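Reviewing the structure listed below.
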Amino acid sequence: MTARKTYEQLRSARWMLPDDQRSFGHRSRTMQMGYAPEDWQGKPIIAVINTWSDAQPCHMHFRERAEWVKRGILQSGGFPMELPALSLSENFVKPTTMLYRNMLAMETEELLRSHPVDGAVLMGGCDKTTPGLVMGAVSMGIPFIYLPAGPMLRGNYAGKTLGSGTDGFKYWDERRAGTITQEEWQGIEGGIARSYGHCMTMGTASTMTAIAEAMGLTLPGASSIPAADANHQRMSAACGRRIVDMVWEDLTPEQIITSAAVDNAVTVAMATGCSTNAIIHLIAMARRAGVPLELDDLDRIGRTTPVLANIRPSGSTYLMEDFFYAGGLRALMKQLGDKLDPTAITVTGKPLVDGLDQVKIYNDDVIRPLSNPVYHEGSLAVLKGNLCPDGAVIKPAACDPKFHRHRGPALVADSYAEMKKIIDDPDYPLTPDTVLVLRNAGPQGGPGMPEWGMIPMPKALLKLGLRDMVRISDARMSGTSFGACVLHVAPESYVGGPLALLRTGDMVELDIPARSLNMLVAEEEITARRAAWVAPTRHYERGYGFMFSGHIEQADKGCDFDFLTTEFGGKTPEPAIN
Ligand code: FES
C-alpha cells in the first residue's frame, strides 16, 4: 500500500484549490448549490454512482439508499457528489441489457474521469450493472467500493415460495401444458416479486454481487443482505465511511483485483452454483484489470470446486433470503476452507479470508460443507469441439443428468421467430432425442447476445410429459434458467462460426464429462458448406449499435469492446482543466 495522500495530491484539488478563474467557477457553482467552503475544503470528493430509475424495480430503494451512503461519506470527512448512471433494468431494456453493459462501463469510466472526484461508491445489483459499473471504475483506476442492491424477499403465492425468473419459466411451461389456470397464473404474477431488490434466486444478479464480494470489491458480507433488511441501510452508510479512508490510503483497484482475487472470485462463483452469464462478465472484469482469464481457467477451477449453495435454480428449495439467514457468502467462503487464496485483499485493506474462522454457519443444508455438496463439481462446464472451437458453456447441475451424454438429430432455427413456430406447434415432428438449435443469437447476431438460450420446451414434447431436452445456441440464458442448454457457442454463427454450417438432421453429440460438443459431419462436407456460406448484413447502419457491431468481442473473450481492454493498450489522459 502506498503512503497516505495529502489533500493537495487529490484529483479534486485540481478543480477546487487553485487561485485562478476556472477554480473560482468550480467553487462558486458549488456554493450555488448551497454548500459553504468548509463543506469541501480539505476533503476528498466521493462520487456516488447511482443506477436508480423509474424503470428499474431492482434498484427502487437506491434513491433513498444513496442518502445513507452520503451520510457515511459526511461522517468520515468526505464530500459526496451523486451522479446518475444508466439503470439497465433486465426486465424493461430491449433487445437485451447485454447490448448496453459496455455502454454503462464507458459511462461509469467517463463520469469518474470528467468530474472532480477522488473515489466512488458504485450502486448496482441488477444483472449487467455489477460488471458494467466495475469494468468502468477499474479502467478509471481510482479507489472504489461496490454497494450491492441486495436480493428481494422470497416470492409467495398460495403458501408456496416462488423464485424470480426460475418459477416464471417453470409455471409458464405448466400454463402452456394446461396444468394451471389463468387465475393461478395471475396469482403467481402478483406474488413472485414482493419487494425491491434484485432477483432472489442464484441468478446472474446474486452471482455477480457474490463475485464482486469475493473479488474484494465490497465490504465483508455485503452481497447477501436482503434489500429490505435494515442491515442494508447500515451497510450503505458503512460504504460511505470506508471509501473516504480508501482515498486517503490510495487503495486502488489494481491492488485489489490481482490474479489471486480473480481465482477466489471464480472459486466462489462455482460454489454458488453460478449463472452462466458470470463467465462472460468475470472474463471481462478480469481483463479490464489486466488479469488474463480464459474459459479453460474457469473449467479447471470448476472441476475441483463443488456447488455448496443449495439455492435455486441449482438447488430445489431455498432462496437468497435463506442464504442470508444461514450465514451468507462469508459462511460459504468458510466452507471453502483452503480453496481460497489468502493473499488477496479487499476494500478493507485486509485479506479476504480475515475473520472467516469466526463466521458461523446457521444452516448447513442451505450452505453445504465440502463433504455434502449440492453437486460434486462446480456449476459450469466448458465444452470444446467442432461446433464450438473457441468454447461453449453448460450448467450441468441445473439439467437432467440423463443429458450429460447425449446424441441426437439437430433441428435448426435461424431466428427466434422461426424457433417460436417450432415450439408452439403441438404436432411438430420431433422426438425426445431432438437437439434444438437456435443460431444468429450471439453478440453480433442477436444483436447483443440476448437471453434466448433456454429455448422453451416444445408443446409437442410438453404434452408427452417431458420438461427437459438438449438445446444449443450462441445466445446466453438468464441466470435463473435451467435445463440442458448449451450456450455461448464461439465463434458465433453470425460471423461464420461452425454453428452456421449445421443443418437439420445432422447428428450432434454432447459429452459433458468429456467436455465435448461435436456435429458428426464429415470434414470434407463441413469444408464444402463453409465455402458456400454467405455472411449476413450488419444489423446497424448508424448509432451506438454501429459502434457495438464494429468492436464487440466474442463470448469467450468476455464481450468487451476491443478498444477498452488492457490488451488494446493505450492510456486515456486526465482531463485538462482550463
Ligand atoms: Fe433485476 Fe433479475 S430483473 S436482477
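When a ligand or atom number is given, it counts from 1 through the structure's own listing order. It should be emphasised that the depicted structure is a prediction, and the values quoted were computed from it without experimental measurement.
- When S164, C199, S87 are checked for heavy-atom proximity to atom 2 (Fe) of ligand 1, C199 turns out nearest.
- Heavy atoms only, all atoms of each residue included: L122 and F144 are closest at CD1-CD1, 3.4 Å.
- Taking 2.8 Å as the criterion, C126 counts as a coordinating residue of atom 1 (Fe) of ligand 1, since one of its N, O or S atoms falls below it.
- Smallest separation of non-hydrogen atoms from T258 and V291: C-CG2, 3.9 Å.
- In the model, E451 has a side-chain atom that pairs as donor or acceptor with a side-chain atom of N277 under 3.5 Å.
- The ring of H539 has its center closer than 6.0 angstrom to the ring center of Y494.
- Numbered from 1 in the order shown, with element, the atoms of ligand 1 that lie under 4.0 Å from a heavy atom of A205 read 4 (S).
- Looking only at protein heavy atoms, the nearest one to atom 3 (S) of ligand 1 is N91 OD1, 3.2 Å.
- Listed by number with element, the atoms of ligand 1 under 4.0 angstrom from any heavy atom of E90 are 3 (S).
- Atom CD of E183 sits in a sparse spot, with 12 or fewer heavy atoms from other residues, nucleotides or ligands closer than 6.0 Å.
- Using bins of under 30°, 30° to 60° and over 60° for the plane-to-plane angle, the ring pair F482/F169 lands in the perpendicular bin.
- Every atom of ligand 1 with a heavy atom of H198 under 4.0 Å away is listed here by number and element: 4 (S).
- Near C58, meaning under 4.0 Å from one of its heavy atoms, ligand 1 places the atoms 1 (Fe), 3 (S), 4 (S).
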